[in-house]
Chemist: 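Okay, here's the structure, questions in a sec.
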2 protein chains.
Amino acid sequence: MNQQSGSVVDSQAPEKRADKHVSLQTVERLSAYRRVLEELDRDGVDYVHSHRLAALVGVTPAQLRRDLSSFGSFGNISRGYNVYQMGRTIGRIMGTDATQAVALFGVGDLGRALLSYRGFEERGFHIAATFDVDSEKVGRVFAGRRCYGLDALETVLAEFDVHMVVLASRPEGLQALVDRIAAAGVRAFLNFVPKRITTPADCFVENTDISAKLEKLSFLVRSAIGT
Amino acid sequence: MNQQSGSVVDSQAPEKRADKHVSLQTVERLSAYRRVLEELDRDGVDYVHSHRLAALVGVTPAQLRRDLSSFGSFGNISRGYNVYQMGRTIGRIMGTDATQAVALFGVGDLGRALLSYRGFEERGFHIAATFDVDSEKVGRVFAGRRCYGLDALETVLAEFDVHMVVLASRPEGLQALVDRIAAAGVRAFLNFVPKRITTPADCFVENTDISAKLEKLSFLVRSAIGT
DNA sequence: CCTGTACTGTGATTGTATTCACAGTAGCTC
DNA sequence: GAGCTACTGTGAATACAATCACAGTACAGG
Ligand SMILES: NC(=O)c1ccc[n+]([C@@H]2O[C@H](COP(=O)([O-])OP(=O)(O)OC[C@H]3O[C@@H](n4cnc5c(N)ncnc54)[C@H](O)[C@@H]3O)[C@@H](O)[C@H]2O)c1
Ligand SMILES: NC(=O)c1ccc[n+]([C@@H]2O[C@H](COP(=O)([O-])OP(=O)(O)OC[C@H]3O[C@@H](n4cnc5c(N)ncnc54)[C@H](O)[C@@H]3O)[C@@H](O)[C@H]2O)c1
């Protein structure tokens, strides 16, 4: 669960404190670094230089080094970065070194696709429980996870120690749902519903609007025609 | 449906030329503005001030006005912005005033969820054709759209006049697939596969990595604990 | 018709992210 | 073990985005 990296065993912690103020964009790139590092690890690569890693991720070497330097020094000056260790370190920074429980709201087409997706477990997220308002769905089990009604919300979130939720329900009543989830102590929301939500100040929201991405692409293609 | 606004009627085109260099973040916000404008329109609101619209979207009034000013002047100084007209204008800027054909690659769990999603049509995108390598799926019809094999790729993309694709296949062979799609003249890729792809310089790629979003949230929650 | 009000559009300013460029050094060569 | 090489980590410089603040103006009210 969310135990805090057990003992001192896997420490030799290279990261200083993360006090240097880390930008959000840096955090997003950390995920990409880790994904590539895991691939390299599978391929048996032990060390990698900033140039090579940056090329694989698609950023400049300077940016990669700057990003990492927000957390301290990892690199061996002439061998580069230790692939395995740096992957572990990024995991520790992001808190994905231990599996976290996540709850899903809305077991519709999208929700079921997310449920059957293996990629989350690989990155340390376990959808532990699902919720829906549809009485046909409540009580059933989807991809191994039970679907609860909203009346069990507080109980179930506490029981599974959920601190992050995925929203894939309908726009109607979404804000009320969010208020209730936040009141239950959840501070992170991944929202797929194309509707703005507001939360207490200590919460974090990530919106994913797929149509907006298509619109962005449409704009880019169109505006590049005259280029 | 997607007829093109008939004649000169709704013109009096307020936007200048889009030559002032528009930042990507501005474009992303345009989608959000349009979504709220449509809601206001449904509610029968005719005019809206920058303060109110900004509050609904969650940005500052200054930013909203700055974003719009990249495209020219729309606002009536004392009544504010005409809700209907500005929605239309943003649609025109983004090229979503007429429906565009999109192709989907990979009719798996995610692909089928996308196929059944009505939100795309509402925003001017029509998934016209799907592709898969699975011989069980090729030839079948999913949510009204036929699934083609990859051998028909060039023909079908041309037939439906596809200029944007959604990638929801497997990581294996993805780059080769992308190369072929790009060679067929497609310049916009919405990629759900957690694998970096490279394209010719005149193409645009939007990646959507859902796990990365969860990782970002995990980092934020964790790093805010000490705050 | 004139004055006051409250809005937009935008130059100027501030703040933030990225890139440059190099000091400092671990290891490799001879 | 001295010298060379090529790398990392980071201060300084640049580029970019957000915010401030106000000039200019359409309208309401009298
Ligand atoms: N399907 C997609 O590809 C896709 C893409 C982008 C965004 N979205 C958004 O994701 C959301 C879900 O999409 P979908 O296609 O799965 O829709 P869906 O209609 O198939 O499923 C929605 C599910 O949410 C449940 N629900 C409704 N209100 C709820 C509530 N208050 N609490 C818990 N559950 C509730 C419904 O009973 C239903 O089972 C929608 O808001 C949609 O706009 C979907
Ligand atoms: N399911 C999710 O919720 C989810 C979430 C995030 C990312 N993704 C990613 O989206 C992709 C699809 O996910 P999924 O759950 O639908 O997987 P899936 O295995 O259910 O479906 C993949 C489909 O793509 C087809 N395919 C494989 N190679 C292809 C090719 N070269 N051309 C065309 N079709 C091809 C397969 O035959 C299959 O039908 C995966 O890469 C996955 O990592 C999925």
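Chain letters run A, B, ... following the sequence lines, proteins first, then strands; residues in each count from 1. Remember, it's a predicted structure, so these values are computed and weren't measured experimentally. Side chains included, hydrogens not; waters and symmetry mates left out as well; all remaining heavy atoms used.
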Chemist: side-chain hydrogen bond (donor to acceptor under 3.5 Å, both in side chains): which pairs involve residues 109-119 of chain A, sequence neighbours left out?
Modeler: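 Output for this query lists A:Asp109-A:Arg112, A:Asp109-B:Ser116, A:Ser116-B:Asp109.
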Chemist: Round to a whole Å and report the spacing from CG of A:Asn82 to C1' of D:dC7.
Modeler: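 Checked: the CG to C1' distance equals 16 Å.
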Chemist: Please report, rounded to the nearest Å, how far the C1' atom of C:dA6 is from the NE2 atom of B:His51.
Modeler: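 In whole Å, C:dA6 C1' and B:His51 NE2 are 9 Å from each other.
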Chemist: Do B:Glu215 and A:Thr96 have side-chain atoms, one donor and one acceptor, less than 3.5 Å apart?
Modeler: no
Chemist: Can you tell me the distance, in whole Å, between the OH atom of B:Tyr81 and the P atom of D:dA26?
Modeler: 15 Å
Chemist: A:Glu121: what forms a side chain to side chain donor-acceptor pair (under 3.5 Å) with it, not counting sequence neighbours?
Modeler: A:His126
Chemist: Taking atom C1' of D:dC27 as reference, at what distance in whole Å does atom OH of B:Tyr47 sit?
Modeler: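 After rounding, the reported distance stands at 13 Å.
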Chemist: With sequence neighbours left out, which residue pairs that include part of residues 67-86 of chain B fulfil the salt bridge (Lys or Arg N to Asp or Glu O under 4.0 Å) condition?
Modeler: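 As it turns out, the salt bridge (Lys or Arg N to Asp or Glu O under 4.0 Å) pairs with a partner in residues 67-86 of chain B, which skip direct neighbours, are B:Arg29-B:Asp67.
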Chemist: According to ring pair (Phe, Tyr, Trp, His ring centres under 6.0 Å), who are the partners of A:Tyr81, at least two apart in sequence or on a separate chain?
Modeler: none
Chemist: Atom CE of A:Met86 to atom C1' of D:dT8: distance rounded to whole Å?
Modeler: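 In whole Å, D:dT8 C1' and A:Met86 CE are 12 Å from each other.
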Chemist: Hey, can you pull the donor-acceptor pairs under 3.5 Å for the side chains in residues 47-64 of chain B, sequence neighbours left out?
Modeler:
{"from": "B:Ser50", "atom 1": "OG", "to": "B:Arg65", "atom 2": "NH1", "distance (Å)": "3.1"}
{"from": "B:Thr60", "atom 1": "OG1", "to": "B:Gln63", "atom 2": "N", "distance (Å)": "3.2"}

Chemist: D:dA26 C1' sits how many Å from B:His49 NE2, rounded?
Modeler: 12 Å
Chemist: Check the distance between D:dG9's P and A:Phe74's CZ and give it to me in whole angstrom.
Modeler: 8 Å
Chemist: For A:Lys213, what residues pass the side chain to side chain donor-acceptor pair (under 3.5 Å) criterion, not counting sequence neighbours?
Modeler: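 Testing A:Lys213 for side chain to side chain donor-acceptor pair (under 3.5 Å), a comparison that skips the adjacent residues, returns B:Glu206.
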Chemist: Five pairs per end, C1' atoms only: what is the angle between the end axes of the helix from C:dC1-D:dG30 to C:dC30-D:dG1, to 10 degrees?
Modeler: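 Nearest ten degrees gives 10° for this helix.
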Chemist: Among all residues two or more places apart in sequence or in another chain, which pass the side chain to side chain contact (heavy atoms under 4.5 Å, CB included) test with A:Asp179?
Modeler: A:Gln175
Chemist: Counting primed atoms plus P, OP1 and OP2 as sugar-phosphate and everything else as base, spell out the protein contacts along nucleotides 17-30 of chain C at 4.0 Å heavy-atom distance: B, S or - for each nucleotide, 5' to 3'.
Modeler: SSB-B--BB-S---
